[in-house]
Structure formats: C-alpha cells, structure tokens
Protein chains: 2
Amino acid sequence: MATIIDVAKAAGVSKSTVSRVLTDNGYVSESSRQKVLAAMEEIGYIPNILARQFQSGVTKTIGFIAPSYLSTMGKFLQVFMETAKKYGYFVNLYLTSGDKQKELEALNQMKFKQIDGIFILTRTNEWEVIEKFSQYGPISTWNRIEEDWIYSAYFDHYEGYFKALNYLYDEGYREFGHVLGNSQNLNTKARMKALKEFHETKGIKLNPDWLIQESRLYDDGKLIGEKWLNSEQKPECLAFYSDYVAAQFISKIEEEGFKSPDDVGVLGFDNSEISDLMHITTVDYSIEKQAYNSFIYLYNQLNDMAIPEEKLTTKIIKRKTI
Amino acid sequence: MATIIDVAKAAGVSKSTVSRVLTDNGYVSESSRQKVLAAMEEIGYIPNILARQFQSGVTKTIGFIAPSYLSTMGKFLQVFMETAKKYGYFVNLYLTSGDKQKELEALNQMKFKQIDGIFILTRTNEWEVIEKFSQYGPISTWNRIEEDWIYSAYFDHYEGYFKALNYLYDEGYREFGHVLGNSQNLNTKARMKALKEFHETKGIKLNPDWLIQESRLYDDGKLIGEKWLNSEQKPECLAFYSDYVAAQFISKIEEEGFKSPDDVGVLGFDNSEISDLMHITTVDYSIEKQAYNSFIYLYNQLNDMAIPEEKLTTKIIKRKTI
DNA sequence: CTGTTAGCGCCTTCAT
DNA sequence: ATGAAGGCGCTAACAG
C-alpha cells in the first residue's frame, strides 16, 4: 500500500508537502501541488483512513441506536445516513432488541472513541443512565425530553394531535379511543394535554377505558386488538401514536372478521410505509426533516458550527381507515 | 486519556509488559499481571481502539450494503449484526437507494480500509464491477450467483419453489401466475426451472402472460396489481418471489375492492414481518440461518477459520391468502 | 513556500 | 520474564 512517503519520493518533495495538498492546509506552490497530484494519480495512492482517525482522535462516525429494525425507522435512517454522508460522516447502527445491556454497549463505543456522537431513536435505559455518556460526546434523540444536555428533534405533538383529533371530529366521530406511548415520554404528555383539551372543548366525555398508555411491548397493537374485540363498549375510532401499532391492531381485528373503517376508524401516526401498504389514514409530521435536524445538531456540536435546522410541519394523510 | 504508558508508570513496569497483559500475548509473571490489572483499574484505563486499528491495519467492521429499507431485511440484519458482535465485529450499514454510485462508494470503503469485508443484500451494480473490489477483502451476498470469488448464502430455490407450487396445487389451484425476480439472478433461474418442471409434471399449461420477470423497481408489486386488474384472464393464484412485492400487489387490488384469497390466491416468500401483518401465506426459508452463514463466511475468510455453517430448511407458513 | 521533526497509542521483535 | 526500541501513516508545529 502506497503511503505519502512514496508519493513524496515520486513527486520529489517532502511528505509534509504531500500532506499539505491532501489536507488543503497551509501554503503549497501550484507547481508542487501539480507534481504531487500527478504522483498520487500515478502511484494509485489511497489515504489510510485508519491512520488519519488515529492521528486526529476522531472517527467521523455517528452511532445510531434503535431497539430493532422498525418500518417507521426506514425513512428516518435513510435521511439521517444521507445527511451524514453529505457532511463526511459514517453511521454505525446498533440494534438493541430493547436490551439495556446492549444499549449500554453501544453507548460505550463513544467512550472507547469508536464513534464521535450518538443518536438514540428510542431509548431503553433511563435517561439518568444515558446521561453519564454525554461527557464523551454529543447525544441526540427522537423523543422529546426535558433534560437539556441532550437534544431532541422537536416536533410539537400537542399541536399535531389536536389537529388530528379535530379532523376525526370533522369526519363525524364522537366516541374516541386513544393509544399513547410511554407515559414518561414528553411527547405522550403533550398528546395527553391535547386530548384532554379536545374533549373539554368539544364537550365529549373521555372514556378512561380507552385511554391507553402503552408500555413498549413488541405486539402492543395485537393486545389492543384483543381488548377491542372483547370490549362491550367499542369506541367508534382509535387514534394511535404509531402506524406500526395501528397496523398490528388492524391485523388482529381482521383475523376475527372485523374491518376498518366499517367497524372502527383507525388513525395512525408517522406516515410510514406500512400505513401506505395497509391504507391507514395517518399523520405525516415530516420525519425526514426530523432526521435531518437530528444529524445537524450532532454535526454542529462536533464541529462548532451553527447550521440552521429545518422547520417541521404536520399533515393529515387521508387514506381508507377513517 | 490514560495510555499504556500511564498504566506502566503506575504499575512500575514497562509499556511492553502492559501491552502483553492487554493482548494476552507472551510471558508475563503473575505478579506483574496483577500489578498491571490493578493499575488499569485504578487509572480507569480504556484502550484506544483507533490506535489498535491503525496498528493492526484492521477495523473489525463489516459493511452491509442494501438498496433501501426493506421489511425483509429487518430479521436478516438483526441476526447478522448479532452474530457479528458475538465475534467481535461491528457492522456498517450502507443504504444505496438503488443508486449505483452510492453502492460504489460503499464498496470503496473497503479499499480505504474503512471496513474489512462486505455483505451485499441485493446488488445494484453488475457483478463485473463489484468483482474488482474483492481484491480488497471478502464479499458475500444474499443472492446466489455463479462467480466463485463471491460467497452466497445458499438456499435451494429450486426445491423451495417446487414445494411451494405443489402446496398451491394441493389447495386446488390450477391456473398459476408467477412473479419472479431479476432474470440474471441464479435464484430466479432455479425457480424458473422448478416451475417449468412443475407445469410439465402436472400437465398444466403455463400462461406466458403471467410469467413475470421483474426488474427491480420500487413498486413493482403495484404495477403487477394494475396488470391483474386490467387483465381479462386473471390467474387463480400468484406466487411471488418476495413478501414485499406480494404485499404491494394486495394493497393495490384492495384499492379497487378486490381481496385475497377470494379473488386471487397470493403466496409470498420470505416470511417477513409484513406477511404476518397482512396475513399473507408465505414460505419461510430460514432467513436467520442465512444471515448467520453470511457473516460466518466473511469471518472465516478474514480470520482463516473454518466455522461450520448452518443447514438451511424450508417451510410453508399458512395464513389467509391461500 | 518547503523540509525536518516530533508525536498520536499500540504492538512486536530483539536483546538481555 | 521484562525493557528498549522501532514502526504503522499521517498531521502539525517549528525552522528555515
């Protein structure tokens, strides 16, 4: 493998000059530059990234932690990776299966300087545990959280959910069921606030039996489907916090011969691929932009930059389950 | 950041001794070892992976190339990554969006020693192009191919497809449609052979109009749905080479009020999550084991090992579309 | 503008 | 069994 020394010899200059043209740093005469460039071309020189990383102490890679490969994640990951590449970063994916230990191992990679920063799609450990790692590099997440040492791609779930419920109201629904995420999650709290105000404003009473706070079980949607099937008082419609859970719900009730929207209206959330495939009416809240922002934040931290973030928006995607 | 020198000082030995206990290589007296271990503990020493990688010229990471997020991929990726971690490897994911240039960039990472080996879920460039990169490290793929410089997680599609078609026959279907993948693909060729023999054996004539060779368009399934909708002579059932394409097909015909299996039987392939969600009858061909094998091959190549691969099996997963 | 030199942290001979 | 020394490829002062 050719090194800068080989290039230097071939070009008849010193290795520092070669390094200078490589990094575009410091003064190099045009003639030297040309000689070096020609020599690199001729020899087929390829810089050793390992040496560079070692020398600079920086890996130019970001860790991306997620519990598993969810369909929701596809779009997010794709944009995140594209943005990263555009700014010269690699992305390391860590699938934790919701295993705290695995998540910790991933976080440890930053301590070991294997990655420069971390993005957490959905955390598994408590924030207090994760916080310890922020001393080793920047962390950002998709969940909105209170802590200020961590960044969150902020989306106003309060406004989004309020809008969504009004849409359901306008479509004629009056008996609502709500399926929310983890109650500790700030997004969940914002949605909770929105739905309470919505029910008050419209003068519709809230059925506590159908105000579901999810844990983060894999097949929550199926469980909710069962609950619905066994329920005496079925709500007219259900608003989910995730397309994926909504899809599982529909899948479950279909097994027993029920259908949406005939038997129950279903509103998803994410506008992920699965919602398209299964014709689920859903809410688009610009996941792409959130992914972009999530990376940009990390990038800004790592490089002392201040690249502006994108403004997020919300949109109802009308399909067949409402 | 503490280095081995700091540890050496604290332990009152030389850095070579520290290195020896670190690598478990060479002779170290038990007393020295204990002193070193204690010193590392006390100082909170963390080995610098970057330095190690640089020194050894090896990154202990494998590139995983895929065109985009596919639901099929979830399970495969998860097992691949778990196996990798078990053997001390990291995995770098590259999503190419079916863009040849992007795939090349990923391949180039191996040239730049950024990764030690590469796995390609589904290639975008021609094999001849990809072949050039095998000089930089081992490559394996999910597609079976003829070239011997590349490994493929082998699954006998001939046998699997034959079995699947017989199942459809036993269920009473007589008019078949076949949706196959890229015709250059050896798996496709194997399936082609199987279906020809099947039709001959059973004395059923093959409708050339419903022998579909796919290119690799994103929404092929929807296109096939349209074709089916506009078709005069609709086949009784359709056997797909992928759950995902089958899902798109069903999604499309449902938009026009048709249903499976009432209007057309649908057999998927992969037993991926989407087939579960949409109740698609499908063929399981142990994707997990293929993922395991794919990594093990790379590992064996990289480390001159001969860890045995897992034997693959096939199974019909009966759900609702047949 | 360019060359010399000194590391970055670790592993690995080579003596002893 | 241990220490000294050299080197992996590159960057970044520091002198000219």
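Here is the naming used below: chain letters follow the sequence lines, and residue numbers restart at 1 for every chain. Here the structure is a predicted model, which means the values were calculated and not measured.
Around atom NZ of A:Lys9, no more than 12 heavy atoms belonging to other residues, nucleotides or ligands sit under 6.0 Å away. Atom NZ of A:Lys113 is surrounded by 12 or fewer heavy atoms from other residues, nucleotides or ligands within 6.0 Å. Around CD of A:Glu41, the count of heavy atoms belonging to other residues, nucleotides or ligands within 6.0 Å does not exceed 12.
Rounded to whole Å, atom C1' of D:dG3 lies 13 Å from atom NZ of B:Lys35. Look at NZ on B:Lys9: it is 14 Å from P on D:dG3, rounded to the nearest Å. Taking atom CZ of residue A:Phe112 and atom P of nucleotide C:dC10, one finds them 12 Å apart after rounding to whole Å. Residue B:Tyr27 contributes atom OH, which lies 16 Å from atom C1' of C:dA15 at whole-angstrom precision.
The list of ring-ring contact (aromatic ring centres under 6.0 Å, His included) pairs with a residue in residues 98-124 of chain B, not counting sequence neighbours, reads B:Phe64-B:Phe119, B:Phe76-B:Phe119, B:Phe80-B:Phe119.
When the salt bridge (charged side-chain N to carboxylate O under 4.0 Å, His left out) test is applied to A:Lys85, the partners found at least two apart in sequence or on another chain are B:Glu105.
Distance check: B:Asp116 CG to B:Thr61 OG1 gives 6.0 Å after rounding to the nearest 0.5 Å.
B:Ser56 comes within contact range of no nucleotide atom at all, as no heavy-atom separation falls under 4.0 Å.
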(request) Do nucleotides 5-12 of chain D as a string where each nucleotide becomes B, S or -: B if the base has a protein heavy atom under 4.0 Å, S if just the sugar-phosphate does, - if no protein is that close. (result) BBBBBBBB
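In this structure, B:Thr17 reaches the D:dG3 phosphate: one of its side-chain N or O atoms is under 4.0 Å from OP1 or OP2.
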